[in-house]
Every structure is written in structure tokens, then in C-alpha cells.
Amino acid sequence: MLTVERKGSDDVIGYCGLVFDGNGAPDDPELAFELLRAVHNRGYATEAGEAVITWASTAGYPRLWASVWDWNIASRRVLEKLGFRDTGRVNANSEHGRSLLTVRDL
């Protein structure tokens with residue numbers, strides 16, 4: 001995982017990167033990100049996700065996966081902006097809700 005920092009400062013506001021033991025297909029990485037609530041709705045997750053997607057594409061990965069809780073509307077919007085689509089697959093049902101699997105071809 002990479003730390004996400006605001007440009008021009010040393011403020012660490014979250015993380016973004018690839019997970020290789022995720023919920024997608026074997027050998028296909030999963031995009032993961034989490035930012036501090038204080039910086040939500042400012043485009044940082046989308047910007048960080050775009051940078052990681054660009055790197056993954058350059059590295060030759062054919063697709064990326066991402067899991068998201070069904071109730072996490074903000075993260076679902078970020079994934080939609082990044083070009084991920086819902087696979088219709090539910091990874092988990094728990095007291096936290098349903099974990100949905102999305103995918104993006106590179």
C-alpha cells in the first residue's frame with residue numbers, strides 16, 4: 001500500500017494501492033483505498049485510484065478488481081468514476097452488510 005498525502009504538505013490522509021490476495025481472479029490484483037473522513041468528497045480517492053490504475057496498466061495487468069460494502073455509496077461512486085463495473089457477485093454477507101465485487105479491464 002502507498003500512503004496518500006496532500007500535495008504541498010506532509011499530511012498523510014490515507015492509503016491506496018494493490019492487494020494481491022484479494023477477492024478477484026488468481027494473479028489479478030485488487031484496488032484498495034481508504035481515506036480519513038475529514039478529507040472525503042474532495043476527489044483525493046479518485047486521484048489516488050487513477051494513479052494506481054495507470055501504474056497497474058503500465059505494469060501489464062489485464063484487469064483490476066475492487067470490493068466495496070453495498071452501503072458505502074461514496075466508495076461505490078469513486079469506483080464508478082474509475083471505470084469499475086459491478087460483477088453481480090457478493091463476496092460476503094455479514095453484520096456489516098454485503099461486500100460487492102467490481103472489476104475494470106485495463
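We use all heavy atoms of the structure for the numbers below, so side chains are in, but hydrogens, waters and symmetry mates are not.
Between Leu18 and Ala56, the shortest heavy-atom distance links the atoms CD1-CB, 4.1 Å. A pairwise comparison of heavy atoms in Leu101 and Thr87 identifies O-OG1, 2.7 Å as the closest pair. Closest approach of Lys81 and Thr46 over heavy atoms only: CD-OG1, 3.9 Å. Of all heavy-atom pairs between Leu31 and Cys16, the closest is CD1-SG, 4.0 Å. Between Pro29 and Tyr61, the shortest heavy-atom distance links the atoms CD-CD2, 3.5 Å. The nearest pair of heavy atoms linking Asp70 to Arg76 is O-NH1, 2.6 Å.
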Worked verdict on Tyr15 versus Leu2 for side chain to side chain contact (heavy atoms under 4.5 Å, CB included): CA-CA 5 Å; Tyr15 64 82; Leu2 304 168; over 6 Å; no

Evaluation steps, side chain to side chain contact (heavy atoms under 4.5 Å, CB included), between Val4 and Val12: CA-CA 6 Å; Val4 177; Val12 174; over 6 Å; no

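A donor-acceptor pair under 3.5 Å is formed between the side chain of Thr102 and the backbone N or O of Ala66. Judged purely by atom type and a 3.5 angstrom limit, Asp11 has no side-chain atom pairing as donor or acceptor with the backbone of Ile13. In this structure, Ser57 contributes its side chain and Ile53 its backbone to no donor-acceptor pair below 3.5 Å. No donor-acceptor distance shorter than 3.5 angstrom exists from the side chain of Trp69 to the backbone of Ser75, with no hydrogens or angles considered.
Side-chain contact check for Leu82 versus Glu50: some heavy-atom pair is nearer than 4.5 Å. Taking 4.5 Å as the limit, every side-chain heavy atom of Pro62 sits out of range of all side-chain heavy atoms of Leu106.
Within 6.0 Å of CG in Asn41 there are 12 or fewer heavy atoms belonging to other residues, nucleotides or ligands. Atom CD of Glu80 has 12 or fewer heavy atoms from other residues, nucleotides or ligands within 6.0 Å.
Under the 4.5 Å side-chain heavy-atom criterion for Ile, Leu, Val, Met, Phe, Trp and Tyr, Tyr44 and Leu36 are members of the same hydrophobic cluster. Tracing side-chain contacts under 4.5 Å through hydrophobic residues (I, L, V, M, F, W, Y), one never reaches Leu35 starting from Val52; they form parts of separate clusters.
Residues Asn91 and Ser67 bring a donor and an acceptor atom of their side chains to less than 3.5 Å of each other.
With respect to Glu47 and Arg42, no salt bridge is recorded, no charged nitrogen being found less than 4.0 Å from a carboxylate O.
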